[in-house]
Amino acid sequence: MGASVGFFGGAQTVTGSCFLLDIRGTKILIDCGMFQGLDHDKNYQKFPFNPEEVSYLLLTHAHIDHCGRIPLLVKEGFKGDIICTKPTAQIAKIMLLDAAKVMKEHYKTLYRKAIRKGKELPPPPLYDTYDVIKSFCHFRMLVYYDTPVLLKEDIKITFRNAGHILGSAFIEIEDLKENKKLVFSGDLGNKDKPIIKQPELPKDADFVFMETTYGDRNHKSFEESKKELLEAIVETFDRGGNVLIPSFALERAQEILFILREFYEEGKLPKCHVFLDSPLAIKATQIFKDNPEFYDEETFEIFVHEDPFDFPYLEFTEDVEESKTINNFKSNAIIIAGNGTVSGGRILHHLKNNLWRPECSLVFVGFQPKGTLGRNIVNGAKKVHLFGEEIPVKAKVYTINGFSSHADQSELLHWLSSFPKVKTLHLIHGEPEKMEVFEKVVREKLGNKIEKILMPSYGEVLELY
Ligand SMILES: [Zn+2]
Ligand SMILES: [Zn+2]
């Protein structure tokens, strides 16, 4: 008996990453992420395997679509070890605690609505804070990049830098008995990104499991996006308004701080107040500060002398009362707040206070999924409803697309082209249309290296060898 892989999330979709590898009866899970958006209901389905039989969970990185179902896995009987890098463990913990809190709040709102309207009660949250804390006991092994670990005498794993977010990894798994090698890409990074090191290139593998989030297109450059951000800030201040930046708490928020600090150092940032108005982003920033060994050279150089995420204009507003004082600033303030898709969080309050003012700006620095308030505004909504009020959208809206944490098509191809030969390439973590575009490009450009390309669907189990 050799090895098989089950695709239980992140298959023909970008969320819910979860792959079960079985090497001669040793069961190893790669990621255990939450389904989001249209697939959200899948979170409520039972795992299509017995969590009690899983010995290891290898976690590529701490985004919730890769770690969000860990507390559920533990609730369902997982007793094994979670293996990941130090920042991944630290970030996963704050992300999971936050997820439990958000689910509880969301449940309370739905519950009240159901009672009021005499409708069916919503399903309870997937897990609570207690379940999250219980799952922490399983983060038993921290690894560093490029340091092989023997899981058993015949199974070796190595985490390599994926350059996607702090601590992110792609994972090599070697079956020493059968002399076979598997590589799971996790999410691969955009090589222009600041702060963390560029993604490492893989060496060889028989079986590759590769993300394809942006398999269909190339991003604008990071430098160009930085220029656009600075222009948006300067123009807004010239008009006498504030700049609102809805941002994900993890990575994007730290990147924005890093870039604003750079503008400050270069004398380009007009005198202003910069508020990081997100308790989760503040906690994530602290984790960035605690892990300088994961920085790229430029950030490390800065770190040796000073804090790469701080500059004199910056203020952290952790509690609600502090956050409310931001309302007193009518101009020359940059407000970075969650959530990134404007579907909740403190950003809504700032929108209520600033969105109707033509002198202000709303600057999107991340992708806005369909169905979110952010997407509606990007699409040109003239008014929005916030806290029971109708607010006209008069502020100038900027969409800056080049700050992605994901590799684009050319970077994915570059990474893939490093393998001298691949027996089977499994395309995962992508929407089917995008995968098809990527598959075509791979066949055109790397056809001679890749024997077979598959796009497994949810629930599929494949015998590898
Ligand atoms: Zn990710
Ligand atoms: Zn992902």
Side-chain angles (χ1 to χ4, degrees), residues 7-19 29-40 42-43 57-70 84-85 87-96 98-99 159-171 183-191 193 195-200 208-216 219 247-255 280-281 284 287-288 294 338-341 365-369 403-409 411-412 415 426-432 434-435 438 456 458:
F7 298 82
F8 302 128
Q12 304 210 351
T13 174
V14 287
T15 70
S17 272
C18 184
F19 309 96
L29 206 58
I30 293 96
D31 291 344
C32 192
M34 192 166 322
F35 289 101
Q36 293 161 313
L38 296 175
D39 286 326
H40 187 261
K42 283 210 181 88
N43 292 315
L57 164 57
L58 313 184
L59 183 57
T60 61
H61 67 290
H63 272 147
I64 213 73
D65 62 307
H66 293 258
C67 71
R69 278 190 292 163
I70 289 176
C84 62
T85 64
T88 295
Q90 290 176 319
I91 300 168
K93 289 177 185 179
I94 62 166
M95 298 294 275
L96 292 172
D98 189 66
F159 280 55
R160 309 265 184 210
N161 173 30
H164 168 60
I165 61 168
L166 192 77
S168 67
F170 67 85
I171 304 173
V183 169
F184 286 84
S185 76
D187 288 358
L188 295 168
N190 173 345
K191 70 175 173 10
K193 276 166 59 64
I195 309 171
I196 58 171
K197 294 181 187 115
Q198 281 195 15
E200 244 181 275
V208 175
F209 301 80
M210 184 179 185
E211 70 115 332
T212 48
T213 317
Y214 289 111
D216 63 334
H219 304 315
S247 171
F248 295 107
L250 170 61
E251 202 76 19
R252 193 60 39 82
Q254 291 73 37
E255 282 169 10
L280 186 61
I287 295 174
F288 271 67
F294 287 83
N339 66 27
T341 60
V365 291
F367 181 69
Q368 302 301 308
F403 289 132
S404 179
S405 293
H406 280 274
D408 63 11
Q409 189 191 67
E411 289 166 327
L412 289 173
W415 188 84
H426 305 79
L427 302 183
I428 52 171
H429 197 293
E431 289 162 3
K434 298 185 181 180
M435 280 185 188
F438 189 64
Y458 177 72

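Throughout, numbering of the chain's residues begins at 1 and tracks the sequence. In each ligand, atom 1 is the first atom listed, and ligand 1 is the first ligand listed. In what follows, every heavy atom counts, from backbone to side chain, and hydrogens, waters and symmetry copies are set aside.
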From L59, T88, T60, residue fulfilling side chain to side chain contact (heavy atoms under 4.5 Å, CB included) relative to C67: L59

Listed protein N/O/S atoms, distance to the Zn ion (ligand 1) under 2.8 Å: H61 NE2, H63 ND1, H164 NE2, D187 OD2

Set of side-chain contact (heavy atoms from CB on, under 4.5 Å) partners for T341, sequence neighbours left out: F248, N339, S343, Q368, P369, T372

Pair S404-N190, side-chain donor/acceptor within less than 3.5 Å: no

H40-F35 aromatic ring centre distance below 6.0 Å: no

Parallel, tilted or perpendicular: ring planes of H406 versus H164, cut at 30 and 60 degrees: tilted

Straight-line distance of E431 CD to T213 OG1, nearest 0.5 Å: 9.0 Å

